[in-house]
4 protein chains.
Amino acid sequence: MLEPVLNKTREKLMLATEHLLYTDGLARLTTRAIAREAGVAEGALYHHFKDKAALLLAIVRDRMSDFREMLDGLPLQVGQRTVRENLEQVLQTAYGSQHKIAPILCSLFADRKLLASVQKTLAECGAKPQYPVEVVAAYLAAEQRLGRVAQDIVPRAAAQSMIGGGFHAAVFDHLLGQELSAASPRRRAQETVRTALSGLEPRVSDTCPVRATGA
Amino acid sequence: MLEPVLNKTREKLMLATEHLLYTDGLARLTTRAIAREAGVAEGALYHHFKDKAALLLAIVRDRMSDFREMLDGLPLQVGQRTVRENLEQVLQTAYGSQHKIAPILCSLFADRKLLASVQKTLAECGAKPQYPVEVVAAYLAAEQRLGRVAQDIVPRAAAQSMIGGGFHAAVFDHLLGQELSAASPRRRAQETVRTALSGLEPRVSDTCPVRATGA
Amino acid sequence: MLEPVLNKTREKLMLATEHLLYTDGLARLTTRAIAREAGVAEGALYHHFKDKAALLLAIVRDRMSDFREMLDGLPLQVGQRTVRENLEQVLQTAYGSQHKIAPILCSLFADRKLLASVQKTLAECGAKPQYPVEVVAAYLAAEQRLGRVAQDIVPRAAAQSMIGGGFHAAVFDHLLGQELSAASPRRRAQETVRTALSGLEPRVSDTCPVRATGA
Amino acid sequence: MLEPVLNKTREKLMLATEHLLYTDGLARLTTRAIAREAGVAEGALYHHFKDKAALLLAIVRDRMSDFREMLDGLPLQVGQRTVRENLEQVLQTAYGSQHKIAPILCSLFADRKLLASVQKTLAECGAKPQYPVEVVAAYLAAEQRLGRVAQDIVPRAAAQSMIGGGFHAAVFDHLLGQELSAASPRRRAQETVRTALSGLEPRVSDTCPVRATGA
DNA sequence: AATGAATGAGCTTTCATTCAT
DNA sequence: GATGAATGAAAGCTCATTCAT
């Protein structure tokens with residue numbers, strides 16, 4: 001009665017589901033297990049969600065909201081602050097979200113029903129380019145036009161690398177059951193952006209006898 | 001008698017499995033369906049593979065062999081040819097393999113038994129750094145020591161981006177059911193390497209007068 | 001509402017299982033057959049029992065409860081009533097129980113999983129001497145110390161014979177599909193005890209002139 | 001060629017089967033396991049035996065031959081030597097055989113097809129009273145008529161106890177996975193016979209003053 | 001005689017979903 | 001809204017037996 005929101009069955013089901021997803025994986029995510037973890041009856045799930053797929057979808061949407069907001073705001077940052085700051089902020093959020101939704105997203109391969117649901121939802125939910133890589137690529141292209149990004153790079157390739165790198169790390173973290181991508185989202189975002197910005201090619205300043213690492 | 005190899009039951013099972021995996025997903029990948037698709041009895045599967053997990057593993061291993069070989073040869077390329085050539089070659093192979101194995105890899109999230117099997121196999125199959133990102137990162141670090149790669153970038157971040165970008169593209173291609181990553185592996189590898197090499201920061205040669213992005 | 005207990009699914013499953021066990025044997029005792037016989041769905045079995053082994057174990061335990069109680073009370077009878085009465089009572093109960101559980105017990109040989117389950121349960125269920133022969137042997141030894149049983153006999157041999165004789169009869173009754181041990185448990189208990197008490201050696205009173213059997 | 005008998009496939013199959021039966025139980029006694037253990041192909045079994053049941057039956061018959069001979073000779077011992085000697089010899093052989101065939105016999109409960117086979121075989125193989133208990137009971141009755149056994153005991157009860165006791169011990173030895181019936185067949189036979197001969201009732205010679213045990 | 005890949009019916013078990021209470 | 005027993009289809013896997021070689 002004191003926590004009218006958190007104690008709601010619907011909320012309990014979502015929290016329980018998320019918890020089980022991270023601890024046991026989708027294969028063990030049975031409606032029975034969810035109900036037990038949530039402390040409610042099995043049937044209760046069907047009062048709040050059409051079916052199991054709807055429950056998962058609700059979680060994906062909920063856990064992506066931060067990221068979505070960040071993406072929605074990215075076009076407004078074109079020409080603002082520094083490219084470095086903008087990219088770091090977006091990647092940091094992306095890496096956090098990816099860690100949460102990667103296992104769910106990947107699991108979709110195992111269940112065509114869920115996959116179909118999500119495909120439909122993804123298609124109808126976003127007006128235009130709801131796909132993170134697209135948004136970042138569009139941002140980079142816009143900055144390119146402003147001269148704040150090099151002319152000879154491929155925006156989509158850069159976006160794909162930075163976003164995709166985080167996704168890959170998240171997937172393998174879960175796959176191998178440990179934190180392989182050792183660093184925090186924040187640090188990884190910084191390193192990734194710094195590396196992407198300066199490029200791999202050695203600078204003139206790199207006088208082979210080594211001048212090294214800082215600007 | 002003209003195709004003594006392809007007509008073997010074992011081969012038929014692997015091909016059927018791969019086909020079903022791409023068309024129906026792991027959820028529909030029942031031993032019964034595999035047998036029907038392969039045109040053999042269900043029990044035959046268990047003559048050639050310990051269980052369903054072993055069958056999937058065999059496919060993953062088989063489809064990754066090109067990639068694996070490429071990775072194994074990468075350390076030998078340190079200091080050879082150009083960094084661009086080496087990276088392009090490795091990424092092209094990676095992108096091709098990823099397209100084949102990403103859905104299988106992701107599906108593992110849905111089945112702890114399969115996951116456990118694969119983790120064991122992955123652990124024992126590779127002597128040391130069997131993880132592609134590690135290999136590429138090690139390569140970049142080596143080139144860095146030779147002065148063929150900029151001193152101030154983070155090898156691991158670069159490797160993670162380039163390899164992970166391809167993985168992400170493969171996953172979403174399959175997820176959304178279409179070729180989102182429009183370009184061919186070859187073209188994507190080239191674009192990715194070019195972008196990564198030169199970096200996002202605008203060059204002095206870049207006509208734009210702006211000072212841009214730096215710290 | 002008059003028989004609230006017997007109509008319960010759990011009860012129906014146990015009765016159906018017992019019935020099938022006697023009519024068809026363990027080999028035909030499939031979960032499908034049990035469900036059909038009980039008039040419930042196959043899945044219902046798994047609401048009431050962890051698995052098939054647990055169901056069988058429940059039956060064994062239930063059908064042995066009479067016997068178990070009798071055994072538990074036996075130590076208290078030492079020195080009470082007559083040895084004849086005590087043994088007759090225990091054997092009568094034993095013979096009844098054995099007829100019910102012998103086929104189940106024997107069937108365990110055919111299924112290591114069931115066997116392991118039962119061994120565990122048997123080990124943990126009984127405080128100390130849960131093995132009938134031990135209990136009866138201990139009783140006889142106690143009576144021996146009171147002088148109510150001959151000094152020169154081996155209590156364990158006597159117990160093994162009396163208990164084991166019933167078991168053997170039960171097994172072969174079921175094996176040969178007919179009532180070979182013609183007499184009722186009561187009558188058999190009486191005959192066995194009378195024979196065991198007086199011994200095979202001819203008495204002086206036995207009119208026959210022969211001296212016979214001695215060492 | 002040097003060991004023309006033991007190297008025969010048929011012999012190897014029987015030995016392998018017996019070995020597996022004692023180590024793994026009937027549940028693990030698959031035709032594949034037998035073939036592997038025997039070092040022959042799976043199909044070979046069906047060249048030498050009609051089916052798996054026939055193989056088991058052959059083993060039962062073979063391993064009981066000692067006991068069978070002993071039983072067949074028992075009627076001829078009536079009035080010969082001492083009752084004690086005759087019983088000890090028969091029981092010692094019985095206890096040895098029972099240890100070998102008890103697990104097979106019991107396993108029959110799990111397979112009606114095998115059971116039916118054996119019932120048929122048992123029925124047709126013995127002219128008259130092929131059932132051990134019957135034979136021993138008949139022997140005791142005969143000795144009773146000669147006055148070498150007490151008049152007031154029930155031969156069938158005595159036979160059932162002595163034979164059945166051994167069977168029970170053999171079954172539980174296998175069931176519990178250890179040698180519970182600690183003593184050797186020889187020693188157990190001696191103790192059983194001594195106890196059965198003298199009876200449980202205390203003798204006058206027994207120092208204890210009590211009169212005890214029933215009318 | 002011997003082989004062993006192939007068969008396929010049949011097993012135990014799981015689990016999303018329903019519905020009477 | 002909440003409950004949880006019941007459902008029953010479908011899964012992965014086993015194994016006695018056959019048969020082309």
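Labels below follow one simple rule: chain letters A, B, ... track the order of the sequence lines, proteins then strands, and each chain is numbered from 1.
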Margin query: Using the side-chain contact (heavy atoms from CB on, under 4.5 Å) criterion, which residues pair with A:A41? Sequence neighbours excluded.
Written below: none
Next item on the list: Look at the side chain of B:K52 and the backbone N and O of B:L29, then say whether any donor-acceptor pair between them is shorter than 3.5 Å.
Entry: yes
Notebook entry, point to check: Taking C-beta and beyond as the side chain, do A:H47 and A:R10 meet within less than 4.5 Å on heavy atoms?
Noted result: no
Check: Between F:dT17, F:dT7, E:dG10, which nucleotide gets closest to the side-chain atoms of C:H47?
Finding: F:dT7
Notebook entry, point to check: Tell me, which of residues 29-41 of chain B have any heavy atom that sits under 4.0 Å from an atom in DNA chain F?
Noted result: B:L29, B:T30, B:T31, B:R32
Notebook entry, point to check: Which one, E:dT13, F:dT17, E:dA16, comes nearest to the side chain of D:K52?
Noted result: F:dT17
Check: Between D:D51 (side chain) and D:A54 (backbone), is there a donor-acceptor pair under 3.5 Å?
Finding: yes
Next item on the list: Could you check how far CZ of C:F49 sits from P of F:dA6, rounded to whole Å?
Entry: 11 Å
Check: Side chain of C:Y22, backbone of C:T17: donor and acceptor closer than 3.5 Å?
Finding: no
Notebook entry, point to check: What's the CG-P distance between D:L20 and F:dA16, to the nearest Å?
Noted result: 12 Å
Notebook entry, point to check: Whole-Å distance between E:dG10 C1' and B:Y46 OH?
Noted result: 14 Å
Margin query: What is the distance, to the nearest angstrom, from the CG atom on A:L13 to the C1' atom on E:dT17?
Written below: 15 Å
Checklist line | For atom CG of D:L45 and atom P of E:dA2, their distance in whole Å | finding: 11 Å
Next item on the list: With the side chain of D:D51 defined as its heavy atoms from C-beta on, choose the nearest nucleotide among E:dT13, F:dT17, E:dT17.
Entry: F:dT17
Item checked: Residue-phosphate contact under 4.0 Å: D:T9 side-chain N/O, E:dA2 OP1/OP2 -> yes
Next item on the list: Provide, to the nearest angstrom, the distance between the NZ atom belonging to B:K50 and the P atom belonging to F:dG12.
Entry: 14 Å
Next item on the list: Just need the stems in DNA chain F: three or more back-to-back Watson-Crick or G-U pairs, each with both distances under 3.5 angstrom, sorted by first number.
Entry: E:2-21 with F:2-21
Item checked: Rounded distance in Å between the P positions of F:dT21 and E:dA1 -> 22 Å
Item checked: Nucleotide nearest C:E42 (side chain, heavy atoms from C-beta), chosen from E:dT13, F:dA16, F:dC13 -> E:dT13
